[in-house]
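On a predicted model such as this, the values are computed, not experimentally measured, just so you know. For this chain, numbers begin at 1 and follow the sequence in order.
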Amino acid sequence: MRTEKFSVTGMTCAACEANVTRSVKKLNGVSEVTVSLLANQMRVRFDENTVDTAEILRAVADAGYGAALLGQSKKQQESGFRGEWQRRQEEALQNQRGMKRRLVISIALLVPLMYVAMGEMLGLPVPAFLSGTENALISAFTQFLIALPVLFVNRKFFTSGFHALLKRAPNMDSLVSVGSGASMLYGIFAIYRMAHGFGHGDMQAVHQYAHSLYFESAAMILTLVTVGKYLEARSKSKTSDALGKLVTAAVIRDGMEQIIPSEQVVAGDIVVIKPGQSIPVDGVVTEGYGYVDQAAITGESIPVEKGAGDTVISATINKNGTFRFRASRVGEDTTLARIIRLVDEAGSTKAPIARLADKISGVFVPVVMG
C-alpha cells in the first residue's frame, strides 16, 4: 500500500470535501481518503498495483475540482519552504482584496436597493416617480437594474454553484446561487405580469405583483454570504502576514551585514537579531544577549534570557537586546517547519466524531436542495 498527499483547489464548504472524498473513495484500490478543507489537501492510501495517482487526479477533476500531487508542481519545487509561505501570503492578500472589493460594491448597491424596495412601506420619503401603484413598473425595473450588478460582482457563486449542481454534487454555493437566482427570476416574472396588467387595465394584478418582488432578497443573500467570505479571507491573510514576517534575515557575509530571504540562510551563517525581530531559523547564540518570547512554540508566558551558548528557535520574537547566532537548522529542518508539517498531518487525520460530522455535512446540501 502507498500513501500520497495531494493539494486540492476549488473547495468552499464541507459538501465539497464530502464530494471529493466520495469521488476518490469509489476507485478500486483506494482504501482510505481524508480530505482537509482548511488545508486544501487530500491524503490517499491506495494499492499502486490497482490504481495510480493519475486516476486519482482524474477522479477529483471529474468531481469538479482541481488537484495536484503535493510538492511535485514546478512552482513548489522552485520556491522551497519559505517561498511556499510567501506564495500563500500573496494569494491570501489577493483573495482578501478581491473579497473586499466585492463586499464594498455589494453593500453600496444593496443600501439604495433596500430603500427603493422597502422605503414606502416603512414610511420613508420616496421619490414620487417610484411610489404608488401607477409607478410600480418603474420601481420594479429600477430595483432590477440595481440588483443586477450585485449578481454580476458575485457571479462566482453562480459559476461554482451551478457547475457543482450539473456534476450532481451540490455544495453551499449551489444553495446560494439557487436561492438568489430564484428570487431574481421570480422578480423578472413579476415585472412581466405587471406590464401585462398595465396593458390590459388589470390594476389588481399590478398591485399584487408589485408586492411580490424579491430583487432585494437576491442581493441580500449574496451580500451576507460575501461578508462571511471576506471575514474568512481577512483571517487567512492575517495568519499569512504573521508568517511572512519570517521571510527575511540579516546575516554577516564578507564582513558586511546583508538582508537576504530566509530560505537563503545556510547552516553556519551568522544571523543578527535586533529588538522586535523574529528569529528566522534555529541556531546557537555566539555573542550578545536578548530576551526571547517563545510562547508561540513552548507556551512560556515570560520571555527567556538568551546568551552565548543558548539555543534559539525559529518563529520566536526577540523582545529586548541584540545578539548574533550561528544558524544550525534551516529551511525544512527548522522547528517551525516541523511543527507545520505535524499540524498538516494532524489536519489530514480525523477522529470518529469528526468523520460523523463530515457525513452529516455531506448530505446537508442535497437534503436542503430536495
Review point. Hey, is Asp269 close enough to Arg253 for a salt bridge, meaning N to O under 4.0 Å?
Key: yes
Review point. Do Gln143 and Leu213 come close enough that some side-chain heavy atom pair is under 4.5 Å?
Key: yes
**Study point:** pair Val285-Arg324: side-chain heavy atoms closer than 4.5 Å
**Key:** no
Check your understanding: Do Val150 and Leu110 come close enough that some side-chain heavy atom pair is under 4.5 Å?
Key -> no
Check your understanding: Does a donor on one side chain and an acceptor on the other come within less than 3.5 Å for Asp47 and Ser31?
Key -> no
Practice item. Count the heavy atoms belonging to other residues, nucleotides or ligands that lie under 6.0 Å from OH of Tyr291, then report whether that count exceeds 12. Key: no
Point to revise | Pairwise side-chain contact, Met42 with Val60, heavy-atom cut-off 4.5 Å (strictly under) | key: yes
Review point. What class does the angle between the rings of Phe189 and Tyr209 fall in, given that below 30° is parallel, 30 to 60° is tilted and above 60° is perpendicular?
Key: perpendicular
Practice item. Scan side-chain atoms only and decide if Asp282 and Ser314 contain a donor-acceptor pair under the 3.5 Å cut-off. Key: yes
Review point. Is Arg155 positioned over the aromatic face of Phe152, cation under 6.0 angstrom from the ring centre and no more than 45 degrees off axis?
Key: yes
Practice item. Under the side-chain hydrogen bond (donor to acceptor under 3.5 Å, both in side chains) rule, what do Asn154 and Thr226 come out as? Steps first, then yes or no, please. Key: CA-CA 8 Å; Asn154 292 291; Thr226 303; 2.9 Å; yes
Check your understanding: Below 4.5 Å, heavy atoms only, C-beta onward: do Val281 and Arg329 meet side chain to side chain?
Key -> no
Review point. Does a sphere of radius 6.0 Å around NZ in Lys167 hold more than 12 heavy atoms from other residues, nucleotides or ligands, not counting ones at 6.0 Å or beyond?
Key: yes
**Study point:** Salt-bridge contact Arg43-Glu32 (side-chain N to carboxylate O under 4.0 Å)
**Key:** yes
Review point. Got a sec, which residues hit side chain to side chain donor-acceptor pair (under 3.5 Å) with Thr159, two or more places apart in sequence or on another chain?
Key: none
Point to revise | Any Val330 side-chain heavy atom under 4.5 Å of Val266 side chain | key: no
Review point. Do Thr322 and Pro275 have side chains that get closer than 4.5 Å, going by heavy atoms?
Key: yes
Review point. Between Lys306 and Gln294, do the side chains contain an N or O donor and an N or O acceptor separated by less than 3.5 Å?
Key: yes
Point to revise | Ionic contact status for Glu257 with Lys274, cut-off 4.0 Å | key: yes
Exercise for review: Would you indicate whether the side-chain heavy atoms of Phe46 and Arg2 approach each other to under 4.5 Å?
Suggested key: yes
